[in-house]
Amino acid sequence: MSSSANSGNDGRTDRQPAKRAFAEEFGDASEIFQDGDDERSPKFAVLPTGENANRVLAMGTLTETENVANSSDSEYWQGRVVDPTGTFFVYAGQYQPEAMAALRGMEAPEYVAIVGKPRTYEGDDGDMLTSITPESVTTVSQETRDQWVVETAEQTLDRIDAMQADESEGEAATRAQDAYPEADMGEYEQSVKEALAQIAGVEIESEDGGSEDAE
């Protein structure tokens with residue numbers, strides 16, 4: 001399953017590969033920076049486990065779609081996509097016509113794949129929230145969703161291991177450590193294990209020594 005695309009809306013062929021992250025970590029990725037001084041320079045979300053993401057590939061269950069536009073004669077669609085760790089919020093408007101049409105035509109619940117750009121915005125309580133501006137929204141099978149969970153878990157655990165062992169090198173790890181000094185790699189590791197257990201339908205041991213039944 002490819003996580004990258006070949007061309008952008010502006011005809012360029014240098015699009016960044018889409019990175020995988022679970023909803024819990026993605027929701028914590030409130031730091032975004034621009035790589036370059038030009039207004040068209042790419043923007044990246046800093047993932048707490050030490051990765052920069054210009055584009056993301058997310059999969060999960062589409063649980064809700066809604067036109068949240070302020071006026072009755074316009075459209076701005078919100079989708080909620082739930083993976084085993086939390087919820088991705090997806091917003092598509094006139095500049096994402098294909099993704100907006102896809103959200104408009106879908107009936108929850110169903111498994112979907114989202115490829116898009118991380119964006120941050122301020123919530124009602126003043127907190128910085130992270131959402132996806134989608135390039136594409138497509139339906140997928142449960143098998144494809146489960147494979148995404150496995151691949152995302154592997155990549156996340158690799159990043160966590162490197163951060164915990166102080167083996168992360170380069171600008172991405174440094175940015176993550178500076179942006180999220182209180183980030184707990186152990187919490188992300190536990191949620192990854194729970195995600196894997198959920199798709200496997202097994203019982204796992206929680207951090208407090210108890211057990212949790214994965215549905």
Under 3.5 Å, is there a donor on one side chain and an acceptor on the other for [X] and [Y]?
| X | Y | answer |
| --- | --- | --- |
| Q198 | E194 | no |
| D28 | Y188 | yes |
| K117 | N54 | yes |

Quick one: [atom1] on [X] to [atom2] on [Y], what's the gap to the nearest 0.5 Å?
| X | Y | atom1 | atom2 | answer |
| --- | --- | --- | --- | --- |
| E189 | L157 | CD | CG | 6.0 Å |
| L103 | R80 | CG | CZ | 13.0 Å |
| E187 | I160 | CD | CD1 | 10.5 Å |
| E98 | M100 | CD | CE | 11.0 Å |
| L47 | F22 | CG | CZ | 12.5 Å |

Exactly one candidate in V112, V137, V90 meets side-chain contact (heavy atoms from CB on, under 4.5 Å) with L62; the answer is V112
Which heavy atom in [X] sits nearest to a heavy atom in [Y], and how many Å separate them?
| X | Y | answer |
| --- | --- | --- |
| A113 | V140 | CB-CG1, 3.7 Å |
| G27 | T130 | O-OG1, 3.8 Å |
| D178 | P181 | O-CD, 3.6 Å |
| F26 | S131 | CZ-O, 3.5 Å |
| A173 | M163 | CB-SD, 4.1 Å |
| A176 | P48 | CB-O, 3.7 Å |

A side-chain contact here means heavy atoms from C-beta on lying under 4.5 Å apart; do [X] and [Y] qualify?
| X | Y | result |
| --- | --- | --- |
| I199 | V150 | yes |
| Y91 | T133 | no |
| I114 | M59 | no |
| T61 | E110 | no |
| Q78 | F89 | yes |

Which of R20, K19, R159, Q155 passes side-chain hydrogen bond (donor to acceptor under 3.5 Å, both in side chains) with E51? It is K19
Do the side chain of [X] and the main chain of [Y] share a donor and acceptor less than 3.5 angstrom apart?
| X | Y | value |
| --- | --- | --- |
| T156 | T152 | yes |
| E25 | T49 | yes |
| W148 | L57 | yes |
| R55 | G116 | no |
| D83 | A23 | yes |

Excluding F33, membership of its hydrophobic cluster (Ile, Leu, Val, Met, Phe, Trp, Tyr; side-chain heavy atoms within less than 4.5 Å) reads F44, V46, Y180
Joint hydrophobic cluster, [X] plus [Y], side-chain heavy atoms closer than 4.5 Å:
| X | Y | result |
| --- | --- | --- |
| I32 | I132 | no |
| V82 | V192 | no |
| Y76 | L129 | yes |

Contacts of E24 meeting side-chain hydrogen bond (donor to acceptor under 3.5 Å, both in side chains) (sequence neighbours excluded), chain-then-number -> S191
Residues at least two apart in sequence or cross-chain that pass side-chain hydrogen bond (donor to acceptor under 3.5 Å, both in side chains) with D146, listed by chain then number, are none
The test is side-chain contact (heavy atoms from CB on, under 4.5 Å); show your working for E75 and R104 and say whether it passes. CA-CA 9 Å; E75 291 183 274; R104 185 196 306 121; 2.7 Å; yes
